[in-house]
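Take a look at the structure below.
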Amino acid sequence: TGFRIDVVTIFPEYLAPLGQSLLGKAAARGLVSVGVHDLRQWTDDVHRTVDDAPYGGGPGMVMRPEPWARALEAVRPPGTRLVVPTPAGRPFTQAVAAEWAAEPGLVFACGRYEGIDQRVADWAASAGPVSEVSIGDYVLAGGESAVLVMVEAVTRLIPGVVGNAESVEFDSHADGLLEGPSYTRPASWRDQDVPPVLLSGDHAAIARWRRAESLRRTADRRPDLLAALPDDALSAADRSA
Ligand SMILES: Oc1ccccc1-c1ccno1
C-alpha cells in the first residue's frame, strides 16, 4: 500500500508536479501514491462557491466550511493526519517531516491566504490529528507551494524513495547543524583550490574538518540552531573548534 498522500485544492493543476521525477519513480514502485482533488467537486451551488466574506469584517475572503467538510469526509482515511499549511502555523521542520514519514499517510488542505473557516480544523480533529503548519515567515497566496515543499521533504524520508547514494542521514539539519561546503573536480579552478585536507585521504582529518566547517557555518548563518542544540550535542573537540 505504501505512503498515501491526498491533497485538496482549488488549483489541482498547480500540484501536477507531484506526479513527476522523485515522486514519479517512487509512485511507480508503489512506495507512495498521490491523489489531487478539486475542492469545487464538493460545492453545492451552481457557481461552485468556495469562499465568502469574513465575519467581523476585514480584507479578503475566507473559505467556507461546508465544502471542506464534505471533501475531507470523502478523501481522508480515518485517523490520517490532516495538514493545513498556514502562515499562522507551527514551524514545519526536518524533525516534523521525519515524524510524518513514519505514519501511513497525509491529507493536505490547501487554503487561500485569508484562511479556511477555523471550525474546519477544529471539527477535523475528531477524526485524526490536525497539524496547522508554516513553512517559513513569508506570505504566499495559498497553501499549494507549501504542500509541494512538505511533500518533497516528507517523501524523501520514506524508506526506499531516495537511493542510498543520496543518503538522507547526512543532510543539513539531520544532526541539527548546517552542512559545510562541498567540492568536486577540478582541484584548482579559476585560481581557487579545494581545501587540501579533502584530497589527503586522511578520513579522520576529513571528518574533523567537515564537522568544524559545519559548526562554523551554523554559528555564522543560523546561531538559532546552535542555541537549540541539546547540551550533549557538542563534543569537547567541537567546543575547541
Ligand atoms: O502564506 C500562506 C498562505 C496560505 C497557506 C500557507 C501559507 C504559508 C506561508 C508560510 N507557510 O505557509
Side-chain angles (χ1 to χ4, degrees), residues 5-19 22-23 34-43 48-72 74-76 80-101 103 105-125 127-157 171-173 176 178 221-222 224-225 228:
I5 295 170
D6 286 287
V7 186
V8 182
T9 168
I10 57 172
F11 300 119
E13 67 284 355
Y14 191 93
L15 292 161
L18 285 184
L22 173 70
L23 265 183
V34 179
V36 179
H37 313 272
D38 186 342
L39 176 67
R40 294 190 195 274
Q41 183 180 334
W42 289 281
T43 52
R48 294 159 65 88
T49 314
V50 292
D51 54 10
D52 197 345
Y55 275 120
M61 301 282 272
V62 175
M63 299 190 98
R64 299 169 54 228
E66 186 55 23
W68 275 109
R70 291 190 190 136
L72 294 176
V75 164
R76 186 188 183 197
T80 301
R81 181 179 303 275
L82 173 65
V83 178
V84 185
T86 165
R90 296 170 192 269
F92 175 73
T93 63
Q94 187 70 9
V96 172
E99 250 179 66
W100 295 357
E103 297 178 357
L106 297 168
V107 173
F108 291 91
C110 298
R112 48 188 295 131
Y113 172 63
E114 297 79 358
I116 301 172
D117 187 302
Q118 188 59 44
R119 290 169 291 184
V120 176
D122 298 347
W123 160 82
V130 177
S131 299
E132 295 185 65
V133 291
S134 163
I135 62 165
D137 296 334
Y138 34 77
V139 179
L140 306 170
E144 284 75 13
S145 307
V147 168
L148 288 176
V149 165
M150 291 190 277
V151 166
E152 184 165 333
V154 172
T155 52
R156 65 186 298 279
L157 297 179
D171 283 352
S172 264
H173 299 286
L178 302 183
R221 298 178 181 182
R222 291 294 305 276
D224 59 301
L225 291 180

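The figures that follow rest on heavy atoms only: side chains count, while hydrogens, waters and symmetry mates do not. In listed order, ligands and their atoms are each counted from 1.
Legend: residues meeting salt bridge (Lys or Arg N to Asp or Glu O under 4.0 Å) with D224, ordered by chain and number and at least two apart, are R222.
A donor and an acceptor atom, one from each side chain of R64 and T49, are nowhere located under 3.5 Å apart.
F92 and W100 have tilted rings, their planes meeting at an angle from 30° to 60° on a 0 to 90° scale.
Taking 4.0 Å as the cut-off between side-chain N and carboxylate O, E66 and R70 count as a salt-bridged pair.
Side-chain atoms of R76 come within 3.5 Å of backbone N or O of A124 as a donor-acceptor pair.
Taking every heavy atom of both residues into account, P85 and A109 meet most closely at CD-O, 3.1 Å.
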Within the protein, flag every N or O under 3.5 Å from an N or O of ligand 1, and note the pair and distance.
from     : atom 1 : to   : atom 2 : distance (Å)
ligand 1 : 1 (O)  : L140 : N      : 2.7
ligand 1 : 1 (O)  : L140 : O      : 3.4
ligand 1 : 11 (N) : S134 : OG     : 3.4
ligand 1 : 11 (N) : I135 : N      : 2.9

